[in-house]
2 protein chains.
Amino acid sequence: MPDGRSGSGRYSHAMARRGSYAKGIAKREEILAVALERVATQGFRRTSIRDIAAAVGLTQAGLLHYFDSKDELWVAVLRRRDDADRAAQWDAPDLASLLAAVVRHNAEVPGLVQLFVNLSAAAATDPEHPAHGYFRERYESSRARMTADFQAMQADGRLRSDLEPEELASALLAVADGLQIQWLYDPTRDMAEHVELVTRLAMAEVTART
Amino acid sequence: MPDGRSGSGRYSHAMARRGSYAKGIAKREEILAVALERVATQGFRRTSIRDIAAAVGLTQAGLLHYFDSKDELWVAVLRRRDDADRAAQWDAPDLASLLAAVVRHNAEVPGLVQLFVNLSAAAATDPEHPAHGYFRERYESSRARMTADFQAMQADGRLRSDLEPEELASALLAVADGLQIQWLYDPTRDMAEHVELVTRLAMAEVTART
DNA sequence: GTCTATATTGCGATAGAC
DNA sequence: GTCTATCGCAATATAGAC
């Protein structure tokens, strides 16, 4: 994505075209930022397209010029979060620990959890939903990367050898997702703790247990 | 998981009258059955109360005489499923196995899974949602009963003693919920298998492992 | 190109007639 | 108990102003 920000003031005709383009990009970024801020602070359910539009000085129809639909906007917000998480460089020895770290961080951003839970549910039941492809691919790639990581860990003897890496990957992602829901109903639940519990169970242990 | 509560007994005010009481009950049951059938065949998102009403020979307003709102109707459908699950008398040695059995059965009824996933997500983010109380209590009671079961299993030496029973209960429910979503995106995933994987990891083992 | 204004559609919900 | 009629809302589509 071009990052060029237009200067303010008057433009020649040519500048105006480039300027308008850059302005459009900037506006799009502003919408994403505001959408994230609104959903984070006032919750998913209470954040309508009209709210966001008003907060960036547009009408609802004006906003939908930048995103084809409300759901496309939400997908863009989630992609942005994915990018931020990827850029954050958590220090985790493996992908299971990374998942726990990301989950721990998510507890600070309830609005995003609300968004994720609602959108993933809505898109799951409708193949035509704008977010369907996003989630499908996200699960597939997360599972694939984790599976590879677990295979390596089994080769190193860090992970129990008597379980299917892919099944464990699915199960860990599921714990993270399922706990998000329980956590929304009861915020005293510690999401990351549960991911770590299952991870711990899957780790090869040196010490005997009772 | 079946929930320990009486399920099917929410009637709207008008039902309390004598007169055609039995007929009213029968109609209500018919609506529940048809609602289940519609959501199962055409999916949750595309099932409006107008659809259901037409299928039972009523208008939308006529149907809402029996249920205060669309979401109340969905809750009644889910309570009915809980009742049926409870009545089914699965032969399972413990609640973790029971959960796996119920989950395995759920795979035969995708429409109900869609309904559960969507409604639990929508109600999670809105305390005023008609289904919020239902899910909150359902999670709480399922977790409580499972926790008690796990404590007994630890006393018997059937379960690893180095983990929190309540945490394990939460995690198992979360695996079941999270896998529902992954399964909706990719029906080749075996939901029950994953529940059993985590259960197996938590069980005390007699044999040595690698 | 970017945006506003307007129209249309479909939904759940409600009021009141019978 | 069920209807007709209508409301308000959200999402979307389109025409055309600038």
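No hydrogens, no waters, no symmetry mates; every other heavy atom, side chains included, goes into these values. Each chain gets a letter, A, B and so on, in the order its sequence line appears, and its residues count up from 1. In this text, all values refer to a predicted model and were calculated from it rather than measured experimentally.
One interatomic measurement links the two molecules: CZ of A:Arg28 to P of C:dG1, which rounds to 18 Å at whole-angstrom precision. Between B:Leu58 atom CG and D:dT2 atom C1' the separation is 7 Å, expressed in whole Å. A straight line from CZ of B:Phe67 to P of C:dT14 spans 16 Å, rounded to a whole angstrom. One atom, CD1 of A:Ile31, and another, P of C:dT2, lie 12 Å apart when rounded to the nearest Å. C:dC11 atom P lies 13 Å from atom CZ of B:Phe44, rounded to whole Å. For B:Ile52 and C:dG10, the CD1 to P distance is 18 Å, given to the nearest whole Å. One can place NE2 of B:His65 at 16 Å from P of C:dA13, the figure rounded to the nearest angstrom. Between A:Asp68 atom CG and D:dT12 atom P there is a gap of 10 Å when expressed in whole angstrom units.
Closest approach to the A:Ser69 side chain among D:dT12, D:dT2, C:dA13 is made by D:dT12 (side chain taken as heavy atoms from C-beta onward). You'll find that the side chain of B:Ser48 is closest to C:dG12, out of D:dT2, D:dA11, C:dG12. Listed nucleotides: C:dT4, D:dT2, D:dA11. Nearest to the side chain of A:Ile49: D:dA11. Distances from the side chain of A:Leu64 to the nucleotides D:dG1, D:dC3, D:dT12 place D:dT12 closest. Checked against C:dT4, D:dA11, D:dT4, the side chain of B:Ala61 finds its nearest nucleotide in D:dT4.
Annotation: B:Phe44 is in aromatic contact with B:Trp74 [ring centroid separation under 6.0 Å].
Taking side-chain N and O atoms only, B:Thr59 has no distance below 4.0 Å to OP1 or OP2 of D:dT2.
Nearest heavy atom pair, residue A:Leu159 against residue A:Ala202, reads CD1-O, 3.3 Å. Of all non-hydrogen atoms in B:Ala169 and B:Met146, the two that sit nearest each other are CB-CB, 3.7 Å.
Checked by distance alone, B:Arg50 brings no side-chain donor or acceptor within 3.5 Å of a matching partner on the base of C:dG10. Between the side chain of B:Gln60 and the base of C:dA13, a donor-acceptor pair under 3.5 Å is found.
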Please report the C-alpha distance between A:Leu78 and A:Arg138 in whole Å, then the side-chain angles of each, then the deciding distance to 0.1 Å, and finally whether the side-chain contact (heavy atoms from CB on, under 4.5 Å) criterion is met. CA-CA 11 Å; A:Leu78 287 180; A:Arg138 192 178 193 273; over 6 Å; no
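Note on ring orientation: taking the six-membered ring where Trp is involved, the planes of B:Tyr139 and B:Phe116 are perpendicular (angle over 60°, cut-offs 30° and 60°).
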